[in-house]
Every structure is written in structure tokens, then in C-alpha cells.
Amino acid sequence: MAYIGSKCRACKAPAVIDLPQHNAHFCADHFQQLCRRQVAKAIDEFEMIDPDDRVLVAVSGGKDSLAVWDLLVEAGYRADGVYVGLGIGDYSNESEGYARRFAAERRLELITVDLSEEYGYDVPTAATATGRVPCSACGLSKRRLFDRAAVDGGYDVVVTGHNLDDEAAVLLGNTLRWDLDYLSRQLPVLTAVNGFPKKVKPLIRLTERETAAWCLLRNIDYLVEECPIAAGNKHLGYKAALNTLEAGSPGAKAAFYHGFLDRMAPLIDRRSTSTRAAANRCLRCGDPTTTDVCAFCRLVETAAAHEPVPVEMVLPKRRRR
């Protein structure tokens, strides 16, 4: 990881990472200081977390969620984790193992929820039963279970590990479609309303590469493999396009995303049609919804009645054996 002959901008010690967007190299200590400052700046700028808040981190076993949990605990926040078992074959088993080991080694509290045990279906089955792409069924399920775990556990804030690359890629997709409803909700903080907990994204000033470097320098073991059923997702294509832009113009991703937050988001803020502000209550679960029965309850009803589907059946064709 060291860059031969390169010196840290702050102390002139041998550098371990180059950050073109900052036009600088950093040693291990000063790179970690940079990461801490960037997270603290995001939290302060958007009033994400108060010192006395009970925080619940949505943990996947990957680098971003483990990095943000580590950063928050180190900063002194009372942060527990929640892991949702999605039933994606060996991938889910391995990811849970990384989350459990991280928590055990640091004596942190990890709540685990199994989608199949709690609701009678898994993501491959849900995708097949509903005709949704797997990532759609997965996202809907995770959001509801994270919300429920936070409410049941009395937590004030749910933290997710979305980094700058993630947010810029989603923003690009929403902008290409000019989806104003989604754009109006793409904020680093969603306030608590109608029974939903507050949700925040402290990593919005750090790139995917930086969270990976944080884990390496902090000896955090994480699941490297990407979700096998996510291959071909448009989100990954948007990330690749932005990486190409970034290579030729370092800082482009940050300028794109943070420019949106500074200048465009305030103009479209009132367009939000999020169910977080819905006046209706789901007739089955009681959660806010714009319809009589919320999307999650409809998903449960359809997926739980379907015969279980092995993960191999929803893999992209090029990944099947």
C-alpha cells in the first residue's frame, strides 16, 4: 500500500496512500486523522447525531458498514449494530460471520435478524415471487427491518454505511431520469417522523477506496466479495462511469454530490412524496403508507406464499454454473 518515495503532506513521513482529490499523500496516522475529520464534519454539518443519542448501525459485514461502526465507536458514540440475514446462500453466511467477529473482538452489541425466520421468505424467493429485481426486494426488506429493530430497541438514530461513491452513483441515476421525487429524498439525513427512526449517512465525505484503506490500517477484516445477485445492477454501471470521470478530473464525484446538496437539494426539498410523511397507516402492520397496505406487507404476503427459490436461480446468467 506504501507509495515509494512519496511523503505525507502533513509530516513528510513515508506515505501509505495517495488521494488525488486532495492532491496529497498521507502516512497512516494522518490518513486516519483525515477520515475522522471528514466523518466529524459530515455529522456536524448535517446535525446527524447528538452526543447522547443511542445509535444503531446497519451492518453488512462489508468495509463501509464496519468502518463507520468503528469510526463512531472510536469517536465516543453509543453505537450498536444490527445485521439482517437475507438468505443469499453462502454469501449471507459469510457476511454474518464477518459482522459477528467484528462485534465479538470489540465487545460490541450486535442484533441479528433472519428474514426467513421472522417473515417466512428470503431475497431470492422474494425476487422471483414478485418479479422485482433482487436488489429492489432486498432494499425494501432491509429498510423495514432496520426501522423495526431501531424502534423496538429504543434507538434514536439508524446509521448506514453509504459512502461518497454510493451517493454519487445514486444521484447520477436519479438525475439521468430526472426523478424529482427520488432526488428530493436523497439527503444525508432523514428526520424521524411518523414512527420511523432518524436515518443518517456519516460516510458521505469518504470514498469507497478510503473506507477500504481505513479497514486495512485498523486491521478490520471484512467481506471483500460483492453480493452475487447484484451483478449487472445499474448502480454499478453508474459507479464505473463516475470512476472514469474521477480519473481524469480528481474531485469530480465530490463536486457533483456535494454541489447537489448545497445548491439543488434546497430547491426541490418540498417535492418529497416519501411515505415517511404519509398520513395513512398500513391496515396490517400500522406503519405509515400512502396506500391501505404498505409495500413491505404486500411483499411479505406474496413472497412467504411462494415456494423457496435457491440463490442460483436468481444469479445473473454469466455467473451461473
Side-chain angles (χ1 to χ4, degrees), residues 43 48-49 53-73 77-88 91-92 95-96 98-100 102-103 108-123 126 132 134-163 166-167 170 182 185-204 223 227 230 235 274-278 282 285-289 294-300 303:
I43 291 173
M48 292 184 179
I49 309 172
D53 280 343
R54 292 189 65 223
V55 178
L56 187 63
V57 181
V59 181
S60 68
K63 61 186 182 307
D64 302 312
S65 62
L66 297 183
V68 74
W69 196 4
D70 188 50
L71 280 154
L72 293 177
V73 170
Y77 292 103
R78 297 183 298 163
D80 297 334
V82 57
Y83 173 85
V84 173
L86 299 166
I88 307 176
Y91 176 82
S92 286
S95 62
E96 182 176 359
Y98 283 99
R100 286 185 179 276
F102 177 90
L108 299 174
E109 180 73 20
L110 178 67
I111 300 167
T112 59
V113 183
D114 188 274
L115 190 60
S116 181
E117 291 180 4
E118 295 287 336
Y119 294 96
Y121 75 92
D122 53 32
V123 166
R132 290 174 177 263
C135 292
S136 176
C138 178
L140 175 58
S141 299
K142 287 193 297 185
R143 286 191 296 273
R144 176 55 61 89
L145 269 60
F146 293 153
D147 284 346
R148 182 54 53 202
V151 171
D152 291 347
Y155 291 93
D156 301 295
V157 183
V158 173
V159 168
T160 59
H162 294 91
N163 57 45
D166 295 323
E167 293 302 291
V170 172
Y182 277 104
R185 299 197 297 270
Q186 194 180 342
L187 302 172
V189 174
L190 291 176
T191 57
V193 64
N194 285 347
F196 286 111
K198 183 179 183 180
K199 292 181 180 177
V200 305
K201 303 171 183 178
L203 296 184
I204 57 168
L223 181 63
C227 177
H235 181 78
S274 171
T275 57
R276 297 172 62 85
C282 175
C285 71
D287 280 351
T289 180
C294 71
F296 179 72
C297 284
R298 295 197 301 271
L299 174 65
V300 172

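Along the sequence shown, residues carry numbers from 1. Below, each value reflects all heavy atoms present in this structure, side chains not excepted, and no hydrogens, waters or symmetry copies.
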So which atom in [X] and which in [Y] form the shortest heavy-atom distance, rounded to 0.1 Å?
{"X": "Ser65", "Y": "Ala58", "answer": "CB-O, 3.4 Å"}
{"X": "Pro197", "Y": "Val158", "answer": "CG-CG2, 3.9 Å"}
{"X": "Leu72", "Y": "Ala79", "answer": "CB-CB, 4.4 Å"}
{"X": "Val113", "Y": "Glu118", "answer": "CG1-CG, 3.7 Å"}
{"X": "Gly61", "Y": "Leu66", "answer": "O-CD1, 3.7 Å"}
{"X": "Tyr91", "Y": "Leu223", "answer": "CE1-CD2, 3.4 Å"}

With a 4.5 Å cut-off on side-chain heavy atoms, are [Y] and [X] touching?
{"X": "Val82", "Y": "Leu145", "value": "no"}
{"X": "Phe296", "Y": "Asp147", "value": "no"}
{"X": "Tyr77", "Y": "Asp53", "value": "no"}
{"X": "Ile111", "Y": "Leu56", "value": "yes"}
{"X": "Val59", "Y": "Phe102", "value": "no"}
{"X": "Lys201", "Y": "Val68", "value": "no"}
{"X": "Phe196", "Y": "Pro288", "value": "yes"}

Show your working on side-chain contact (heavy atoms from CB on, under 4.5 Å) between Val170 and His235 and close with a plain yes or no.
-> CA-CA 7 Å; Val170 172; His235 181 78; 3.5 Å; yes
Out of curiosity, Arg100 CZ to Leu110 CG, how far, rounded to the nearest 0.5 Å?
->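 Answer rounded to 0.5 Å: 6.5 Å.
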When rounded to the nearest 0.5 angstrom, what distance separates CG in Asp80 from CG in Leu108?
->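 The CG atom of Leu108 is 7.5 Å from CG of Asp80, to the nearest 0.5 Å.
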Asp156 (side chain) donor-acceptor with Arg54 (main chain) under 3.5 angstrom =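 Checked: pair present.
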Lys198 side chain vs Met48 backbone, donor-acceptor pair below 3.5 Å =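 Yes, the answer is positive, given that a donor and an acceptor are paired below the 3.5 Å cut-off.
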Would you sort out whether Asp287 and Arg144 count as a salt bridge (charged side-chain N to carboxylate O under 4.0 Å, His left out), showing the intermediate values?
-> CA-CA 10 Å; Asp287 280 351; Arg144 176 55 61 89; 3.2 Å; yes
Report the C-alpha separation of Leu71 and Leu203 in whole Å, then their side-chain angles, then the decisive distance to 0.1 Å, and conclude whether the side-chain contact (heavy atoms from CB on, under 4.5 Å) test is met.
-> CA-CA 10 Å; Leu71 280 154; Leu203 296 184; 4.1 Å; yes
Does a side chain donor of either Ser141 or Tyr119 reach within less than 3.5 Å of an acceptor in the other side chain?
->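 No, Tyr119 and Ser141 have no side-chain donor paired with an acceptor closer than 3.5 Å.
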